[in-house]
Structures are given as C-alpha cells and as structure tokens.
Amino acid sequence: MSKDLRFDRKNCDCENCPLNGRTKVRSTCGIPNPSIVLIGEAPGADEESGDTKFSYEDQRAFSQREKGPFIGASGGILKSALGQAGIMWHTVYRMNVINCRPTNNDIDSEDAQEAIKCCKGGFEDELQNLRKMGASVLVPVGNTALKALGVDGSISRSRGSVYSIERFGGVCIPTYHPSFILRGAIREEAVWVADLRKARDLSLKKWKPPKERFNIRPTLKDVRSFVSEAIKNKSLVACDIETDGGVSPDYNRITMIGLAVNGEEAIVIPFLRGGEHAREPYWTTGDEVAVRKDIQRLFDSCDTMFQNALFDVYQMAEKGLTVRKLKHDTMLLHHAIHPELPHDLGYIVSIYGSTPYWKDVTKGSKARMIEQDEDIIRIYNARDTVVLHQCLPDMLKDLKDVGTEKQYFDWSMKLVWPLVRMKMNGIKCDSKQVAKLKRTLEKEYHELDELLRSELDLPASFNFDSNFHLQYLLYGKKPPSLAKKYAEKDEIDASEKRSKTTKKYLELVSAIEPYEKVKPLYQSRSRARNCDAEALLSIQQAAAGRLESMDYLKRPAAQHAVERVAIERLLRFIELYSRFAEVSKMLGTYTNYPIAKDGRVHGDFKIHGTATGRLSASNPNLQNQPKSVRVIFVSEPGNVLIEGDYSNLELRVMAYVAGEPILIDAFEKGVKVHKVNCKLFWETDEDDPLWEKKYRVTKSVVFGTVYGGTAQGLYKRAMAEVPGLNVSFPTFEKRLNNFFARMEGYSKWAQTIREGVTGKLKNPPDWVGYRMTKNAFGRKRFYLGSPDEIERAALDTPIQGTAGDIANAAVVKLDAELLKKPELRAKICVLVHDSILVECPKENAQVVRKLMQKCMEQKYVINGIERSFPAEFKVGTNWYEMLEDDED
DNA sequence: GTCGTATGCGCG
DNA sequence: AAAGCGCGCATACGAC
C-alpha cells in the first residue's frame with residue numbers, strides 16, 4: 001500500500017494561536033493526485049486521538065492506521081455518502097480549516113475563531129499546494145469551511161451551487177456538514193449525496209461557468225429573428241414568464257416572457273418596464289401586436305419547456321397566447337424523479353444545473369418585483385430559462401434510471417392542459433350568500449366570545465386563538481417563555497429610570513395578564529397537552545363521568561360541592577368553546593374568496609403537490625371546502641352542476657392492489673362492502689341492536705388500517721368517533737386480529753410492504769423496495785422519513801396514489817371528450833380526489849352525465865385483471881344541495 | 001418586518 | 001414517548 005499523502009502547513013501563526021500545543025491533525029489523502037477536496041471545520045476528539053470509532057449502519061470500520069480529518073462518526077456517514085455518489089474514499093483529499101481541536105469542539109468559541117485567523121496563512125498555502133497538484137473541486141462541508149473559502153451566504157442557500165474560486169483555480173461546491181445529517185436531518189441526506197455526486201461530475205468534466213448570452217432589450221427585429229431561427233432549427237424552447245403579481249384575481253399582467261434555445265442563449269421580451277419606469281409599456285401598441293404574433297408563431301411550431309407549466313401556460317392562455325407543443329416541465333420531471341424532495345427551480349438547479357444560486361434577487365413580494373431594477377429582473381428571468389436547458393439532460397437520465405418515465409409523460413404531463421382549462425373555468429361563487437353567511441357567523445362569534453368571557457371571567461387579553469392561553473386555562477400550564485417576560489418586567493419595575501408607559505412595557509403587561517387573572521379549569525400540570533377537539537371531548541367525557549359518580553356518593557362532603565362547581569364550569573367552557581372554535585374556523589378560512597370579475601373563483605391545482613400522485617389545491621383550496629359552505633358555489637342561470645363520485649374508490653383499489661379475495665368478492669357481487677366487513681369483524685348480523693354503532697366502528701377501523709394505524713390508535717379513535725359502544729381494548733384487539741387473519745390477502749400484502757420499505761426483505765417483488773413503493777400504474781415514491789413513518793406512509797401511498805391516478809385520468813379523458821363536443825358547453829370545475837364537479841346547461845345534463853360516467857369508469861388492468869370503478873352522480877344548482885341522479 | 005415552526009382543522 | 005395517510009390555510013410566537 002502506498003504511503004498516504006500528507007500535508008504540513010507552513011505559514012500558520014502558531015505562536016499566537018490559543019490552540020497552540022494541541023495535536024495537529026494533518027490533511028490526508030490515499031492517492032498522490034486527488035481531484036476532490038473535502039474541507040471540514042476542525043478536528044474532533046476522534047481525529048485528535050486517531051481513534052476510529054464510528055458506527056454508521058453497515059459501514060466497515062476504517063483500518064486502525066487511518067488518520068486525519070473525518071474519521072469519527074462524521075467520517076463513517078461521509079464515507080457511505082461518498083460511496084453512493086460514486087466517489088472512492090481513498091481518492092478524496094481531506095482537510096480542515098484549522099488543524100487543532102477547539103476546546104469542547106466549539107468552533108464558535110473565541111479561541112477557535114482566533115485559531116481560524118492564525119491558521120489562515122497555512123490554509124491558503126494548502127490551497128495553493130492543491131492547485132499545483134491539479135485538484136479541481138473543493139467541497140466545503142458546513143459554514144466554517146464555506147466562509148474560509150470566501151463565499152458569502154449560509155450553507156442552506158449556497159449548497160449545491162457551483163462557485164468559481166479564483167485563487168485555487170477551480171470550483172467549490174458547498175454542502176452540509178456530516179454532523180448535520182447525523183443529528184437526524186434524514187430529509188437532507190438524499191440532497192447531500194446529490195451534492196457529492198455533482199462534485200464528482202465536476203471533477204470529471206472540467207466545469208466552466210455558463211456564458212449567459214442574454215438579449216434583455218430586444219427590438220422588433222431581434223424578436224423576429226430569434227423566433228425564425230428557433231423554428232428553423234426546430235429548437236426546444238425553454239420559456240418563463242414574469243407577472244406583476246395577483247393583487248386581485250383580475251389584474252395579473254405579464255411583465256416579460258423569457259425564451260431560451262440552449263443553456264446559454266436567451267431573449268427576454270419585456271411587455272411592462274420596471275424600476276423607475278415601472279409598468280410603462282415596453283412596446284408601442286402596434287409593435288406589441290406584432291411581437292405577440294411572433295411569440296404565437298413560435299408556440300405553434302416549437303416544442304416548449306417550462307418550470308411549472310401550469311402557471312405560465314394558464315397566464316398566457318388567459319391573455320390569448322396558446323402553448324401548443326408542451327414537451328417538458330422540469331418541475332413535473334423532478335416530481336417524477338423524487339416526489340418527496342422540493343421541486344422549486346433553485347433546488348433543481350442546485351442538483352442539476354451549473355448556474356450558481358441566483359434566486360436572492362427576487363426576494364420580496366411578486367407585486368414589488370416590478371419596482372426593482374429592470375435589467376436585474378430581466379437577467380433573472382433569462383437565467384430561469386437557460387437553466388432549464390442546463391438541467392434537462394441529466395434530469396432525463398435520472399428519470400430513466402429511476403424508471404418513472406411513464407409517470408412523467410403519460411400521467412403528469414397529460415394533466416397540464418386539462419388543469420389549465422379547469423382553472424380557467426373556475427366555479428361560480430354567490431358573493432351575496434357569502435356575505436350573508438359571514439354576517440351570521442360574525443354575530444354568533446361575538447355572542448359566544450362575550451358569553452365565554454363573562455361566564456368564565458376572562459379578561460380581554462385572553463386570546464382564544466392562543467394555544468398558550470388555552471393550555472393555561474385548561475391545564476394550568478404556563479409557557480416557558482413566560483418566565484422571561486416576568487424577568488424583563490421585573491427589571492423595568494425595579495429600575496427608576498425606565499419608563500413604565502413605553503409600548504414595550506405595556507405589551508409585556510398584557511402578555512402576562514391572562515396568566516395572572518385567569519383561574520385554570522384544572523389544577524396545575526407541568527406537561528403540555530393538546531387543546532384540540534379530540535382532547536376536549538375526552539376531558540368532557542371524563543368530567544361527565546365524574547359528575548355522574550358523584551351523584552352516587554353516600555356522604556357528599558363540602559369539597560365535593562366545590563368540585564361539582566368546578567366541573568360544571570369546565571363543561572360549560574367546553575360546550576361554548578367547541579362551537580366557538582368551529583365558528584372561528586369557518587369565519588377565518590371559509591368566508592373570504594378571491595372572486596374574479598366573471599363572478600367565479602379560479603383556484604389553483606398542482607400536479608406536483610403531493611408525494612402520492614393526488615392533486616393538491618390552493619388559493620383557495622377548493623378541495624377542502626366544508627360541506628355546509630358549499631351552498632355558496634352555484635351554477636350560472638340555466639345551468640346545473642353535476643357531481644360524479646367514485647364509490648369506495650380507495651377501498652376498491654386496496655382490494656385489487658393488495659389482492660384481497662374477501663373484498664374483491666364483495667365488490668364484484670355488488671354487496672355493500674362495509675356490511676361484509678362489519679359482519680366479519682363483529683361476527684354478528686344486521687339484526688344486532690348495536691349494528692349501527694358496530695358498522696361505524698368497522699368503517700373507522702378499515703380506513704385507519706389503510707393509513708397504517710396500530711391497534712391502540714384504531715381503538716382510541718373508534719371509541720371517540722362512536723360513543724356508547726362498550727368494548728374493552730383486549731376484546732377489540734382480539735376481534736381485530738381475527739379480522740385480519742381472515743383478510744389473508746391484505747395482511748400478506750401489508751407485511752410485504754412493511755418489510756420491503758424497511759429493507760428487511762431479501763427478495764422483494766418489484767412494487768416495493770428499500771424506502772420505495774410503486775403503485776398499480778408504475779408511480780414510484782421514495783421515502784425519506786424514519787422507519788416508523790415510512791411504514792405507515794408506504795401502506796397508504798400505493799392505494800391513495802392509484803386512486804388519485806384513476807381520478808386524474810378521468811379528468812384528462814373528460815377534458816378531451818368535452819373539447820370534441822363544444823356544443824355541450826360543459827366545464828370541469830373541480831376535482832376533489834374521488835369526485836369531479838362539472839357545470840353545463842340544464843338541457844345537456846343527461847348527455848354530460850353519461851359522458852362523465854364513461855370517462856370515470858374506464859377500465860384498468862390491475863394485477864393482471866381488468867377492473868373498473870363505478871361512480872355515482874348528483875345534480876343540483878349549488879354544490880351542497882344536490883340530488884341523486886340515478887341511471888334512467 | 002420576515003421567516004420558520006407549532007398547533008389546529010377543513011376535505012378526501 | 002407515541003405512533004393514521006395525503007393536503008392548504010389561519011393564527012400565534014420566537015428568532016433573526
């Protein structure tokens with residue numbers, strides 16, 4: 001074995017260094033010509049003593065003679081990550097900012113900071129030496145090393161970006177310190193490995209910064225020739241637009257459109273100017289018409305690529321620009337590669353791109369962006385387009401490696417236009433009814449607020465929205481920060497000089513007041529407890545029980561009378577507050593809608609919003625509107641709303657995916673599946689006087705099971721949901737075990753998932769792997785959580801995701817059908833996971849309903865057998881009061 | 001002021 | 001120590 005490379009620092013000011021005399025841990029490397037350099041902050045105890053006692057999962061121990069930086073626990077996990085990134089440990093040069101161990105390993109201590117200064121000369125010498133040896137990539141791990149290299153900003157911002165380090169003559173790519181991962185940042189581990197992989201790629205192909213040939217002040221001629229050139233070359237055009245921010249849903253104007261044909265060349269076509277000329281038009285009216293024609297010409301013939309096409313395509317479609325050949329969406333592409341990681345462009349570029357972090361420019365609100373210097377914003381916009389080209393090839397490579405091309409091309413990309421149209425459609429919102437609802441709720445809110453305060457003697461400073469206040473009222477628990485506030489107040493009180501009328505002092509007084517003036521409902525407890533509806537319910541039940549038992553006391557004492565009063569006070573609070581919380585939620589979240597000029601709400605839908613494949617919704621979230629509020633969503637005069645609901649979609653999917661004969665049989669025969677389950681679970685029949693309750697418990701248990709619930713949890717929830725069924729936990733557990741013993745297919749499937757995702761299975765089937773599951777249509781999810789978390793999530797994801805894909809595909813199909821039949825004038829308004837809402841003229845309702853049914857009940861092959869999922873339909877003029885619409 | 005985190009709750 | 005999945009939004013609160 002060749003002798004390891006070592007380096008002795010020369011130019012250190014050791015004489016003046018507070019750490020002088022400590023063991024110097026010298027840099028090291030297993031090969032003479034390293035290209036990758038890991039830079040840590042300082043040696044730890046293990047490095048100093050030369051011990052090698054790390055214990056990271058399946059890591060083999062280093063040989064005893066291993067010395068140098070990163071040989072403790074950090075070294076173990078680092079070695080593993082390097083391995084995953086395709087870097088051999090012994091080829092890496094390992095160094096630290098300082099050579100000696102700071103006291104208590106505290107890099108922030110004065111001594112250590114002084115040592116960094118004293119070691120600076122040696123550190124720089126070492127960089128020069130590395131330069132001479134031909135090293136090309138520095139990897140500073142953590143903030144200390146980053147700072148030593150002279151790169152501004154924190155590691156969380158700069159990680160993954162490539163920075164040129166002139167004096168070294170190469171680049172650096174910062175990433176997290178292994179100790180950060182060791183402290184439990186599991187979510188960051190995948191990112192960490194990606195950063196190291198990027199370092200490896202950079203060391204192989206010499207990195208050069210992108211050229212950035214941007215035209216940010218184009219003339220009409222520039223636009224024309226860019227478009228003609230792109231069309232002639234059949235370019236894939238990366239596109240990104242900026243808007244001036246949705247102050248109101250009706251005023252969101254396009255300020256510029258950036259277009260790029262490769263990783264360096266872009267044109268930015270402004271429409272509204274920025275900076276001191278904010279909102280002035282860039283073109284004359286006539287020129288703007290010509291420019292728009294050119295852009296449309298481009299969209300008519302060139303393939304396009306976006307980051308989050310849903311946004312840009314919608315914005316442009318609203319303004320008459322139609323993207324016809326949508327080819328790629330890097331956001332959806334990344335979602336298909338790894339659904340659990342972030343998908344914002346900054347993040348994607350940090351993994352796949354070569355442009356350093358540039359997102360800081362646009363800090364602040366979108367509406368304010370236009371006031372910034374227009375050149376800066378245009379360059380920013382241009383970067384947003386060229387980076388798409390930089391990232392695409394490697395992303396497509398990863399997509400292929402991961403094996404989710406189908407998910408990306410056949411499921412995600414196909415949803416873009418249907419969802420753009422769905423957002424354009426929106427849903428009519430009756431603003432008068434919203435106002436009425438708001439008034440009613442406000443009245444009740446104020447009445448309850450007053451009643452609560454007077455009956456429980458609560459001061460105005462008591463805030464029902466404050467969890468701290470509630471914890472104090474309910475449990476007598478004071479927040480830890482209260483002591484600090486007392487101390488601050490005492491200090492001011494004691495000082496004669498300090499005013500007691502300042503805003504700060506008055507704030508302190510009112511912050512403390514609730515804890516002084518309020519008498520807790522329970523005696524003091526130190527433990528924090530929940531104040532949610534479930535907690536209140538269990539307190540209520542306990543209190544009611546206690547009251548009842550006091551009725552049977554043979555000799556009630558005076559203390560019992562006192563207790564009775566206290567319990568009654570508690571029960572009264574729960575009664576009033578429970579309703580108050582409901583009203584407060586409604587008022588806060590469900591009475592404010594962004595209604596556009598057309599009287600409709602155009603909420604957003606996201607394709608990449610979930611890790612399972614479902615859609616998510618926002619602004620407003622039309623997928624979680626309370627049933628009772630849905631009266632405000634109405635059809636236009638002469639129209640109706642049709643809602644198609646899949647019946648038991650997830651349970652059917654579970655039956656087919658898991659291959660559970662009992663459930664499949666029930667579904668195929670058209671028997672009510674929960675009835676079958678209930679009979680099986682309780683070994684009873686419909687004439688059981690407790691049938692109704694047992695039925696509800698069974699439903700709760702089955703749903704809970706899909707979500708990976710434990711026996712304890714299932715029991716607790718079921719009992720809370722269905723009061724009055726006296727079943728002990730042992731009895732419940734026994735029935736549960738019997739039930740799943742009968743559900744052999746499901747149990748076996750669930751066991752395979754549990755063992756598969758945690759890596760306990762030797763030869764797993766292809767639909768499950770270590771930290772991975774695949775749904776019925778090939779959609780994959782990679783899990784980043786703890787083993788417990790991933791087991792539960794993995795039990796649900798293939799089912800939820802398969803169901804989601806089925807509903808999404810129905811929307812895609814329905815959208816296509818409706819495009820072919822414009823005469824039906826039907827609009828898809830909302831998709832709520834297993835339910836599709838469509839609006840159309842009354843006279844077309846039957847035809848549209850049939851079309852919906854056809855699209856929703858498409859056939860799918862699951863586990864080799866063709867299956868279809870039945871839907872039920874309702875019709876009405878508002879989203880709440882809808883009548884069943886059975887088959888003619 | 002802005003940001004991240006905690007708590008709670010609406011829907012499927 | 002406790003453990004039910006997937007979301008988005010409102011409010012409070014402490015840290016920067």
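Every chain is numbered from 1 and lettered A, B, ... according to where its sequence line falls, protein lines coming before strand lines.
- One can place CZ of A/Phe464 at 18 Å from C1' of C/dA10, the figure rounded to the nearest angstrom.
- Considering only side-chain atoms of A/Asp465, the nucleotide from B/dT7, C/dG6, C/dA12 that sits closest is C/dA12.
- Between A/Gln625 atom CD and C/dA10 atom P there is a gap of 11 Å when expressed in whole angstrom units.
- In terms of polar N and O atoms assigned as donor or acceptor, the side chain of A/Asp532 never comes within less than 3.5 Å of the base of B/dG8 in a complementary pairing.
- Of the candidate nucleotides B/dG8, C/dC5, C/dA15, C/dC5 has the atom lying nearest to any side-chain atom of A/Gln800.
- Fit an axis to the five pairs at each end of the helix from B/dG1-C/dC16 to B/dG12-C/dC5 and the two axes sit 10° apart, to the nearest 10 degrees.
- Between B/dC9, B/dG12, C/dA2, one nucleotide has an atom nearer to the side chain of A/Asp788 than all others, and that is C/dA2.
- For A/Arg771 (side chain) and A/Tyr783 (main-chain N/O), a donor-acceptor pair under 3.5 Å exists by modelled atom type.
- The shortest distance between the side-chain N/O atoms of A/Thr612 and the OP1/OP2 oxygens of C/dC7 is not below 4.0 Å.
- Between A/Arg614 and C/dC5 there is no side-chain polar atom (N or O) within less than 4.0 angstrom of OP1 or OP2.
- For A/Ser618, the side-chain atoms get nearest to C/dC9 when compared with the rest of C/dA12, C/dC9, B/dC11.
- Straight-line distance from the CG atom of A/Leu649 to the C1' atom of C/dC5: 15 Å, rounded to whole Å.
- Computed from coordinates, the A/Asn621 CG to C/dG6 C1' distance equals 12 Å when rounded to whole Å.
- The side chain of A/Lys585 lies closest to C/dG8 when the candidates are C/dG8, C/dG6, C/dA12.
- Between A/Tyr515 and A/Phe468, the ring center distance fails the sub-6.0 Å criterion.
- In the set B/dG12, C/dA15, C/dA12, the nucleotide with an atom closest to the side chain of A/Asn463 is C/dA12.
- Using a 4.0 Å heavy-atom cutoff across all strands shown, A/Ala617 reaches sugar-phosphate atoms only and no base atom.
- Computed from coordinates, the A/Phe468 CZ to B/dA6 C1' distance equals 8 Å when rounded to whole Å.
- Closest approach to the A/Ser616 side chain among C/dG6, C/dG8, C/dC13 is made by C/dG8 (side chain taken as heavy atoms from C-beta onward).
- Residue-level contact check: A/Ser481 touches the backbone only, with heavy atoms under 4.0 Å from sugar-phosphate atoms and none from bases.
- Taking 4.0 angstrom as the limit, A/Asn624 places none of its side-chain polar atoms (N or O) nearer than this to OP1 or OP2 of C/dG6.
- Residue A/Lys484 places none of its side-chain N or O atoms closer than 4.0 Å to OP1 or OP2 of C/dG14.
- Ion pairing of A/Glu582 with A/Lys585 is absent here, as no side-chain N (NZ or NE/NH1/NH2) approaches a carboxylate O to less than 4.0 Å.
- Nearest nucleotide to the side chain of A/Arg792, out of B/dG8, C/dC9, C/dC5: C/dC5.
- Closest contact between the side chain of A/Ala533 and the listed nucleotides B/dC9, B/dC11, C/dC13 involves B/dC9.
- Remark: A/Asn530 is in phosphate contact with B/dG8, judged by side-chain N or O atoms under 4.0 Å from OP1 or OP2.
- At whole-Å resolution of the value, CG in A/Leu536 and C1' in B/dC9 are 13 Å apart.
- What separates CG of A/Asp805 from C1' of C/dG6 is a distance of 14 Å, to the nearest Å.
- Using a 4.0 Å heavy-atom distance criterion, A/Gly704 is classed as a base contact.
- Considering only the side chain of A/Thr589, C/dA10 comes nearest among C/dA10, B/dG10, B/dG8.
- Side-chain N/O atoms of A/Asn308 and A/Lys606 include no donor and acceptor closer than 3.5 Å.
- Rounded to an integer number of Å, the gap from CD of A/Glu789 to C1' of C/dC5 is 12 Å.
- Looking at A/Glu733 and A/Asn737, their side chains never bring a donor and an acceptor atom within 3.5 Å of each other.
- Two rings, from A/Tyr347 and A/His334, have their centers less than 6.0 Å apart.
- An OP1 or OP2 oxygen of C/dG6 is reached within less than 4.0 angstrom by no side-chain nitrogen or oxygen of A/Lys606.
- Within 6.0 Å of OH on A/Tyr880 lie no more than 12 heavy atoms contributed by other residues, nucleotides or ligands.
- Within 6.0 Å of atom CZ in A/Phe703, 12 or fewer heavy atoms from other residues, nucleotides or ligands are found, so the atom counts as exposed in its surroundings.
- Atom name C1', nucleotides C/dA1 and B/dC9: the rounded distance is 24 Å, in whole Å.
- For A/Arg159 and A/Ser350, the side-chain atoms include at least one donor-acceptor pair closer than 3.5 Å.
- Using a 4.0 Å heavy-atom distance criterion, A/Glu721 is classed as a base contact.
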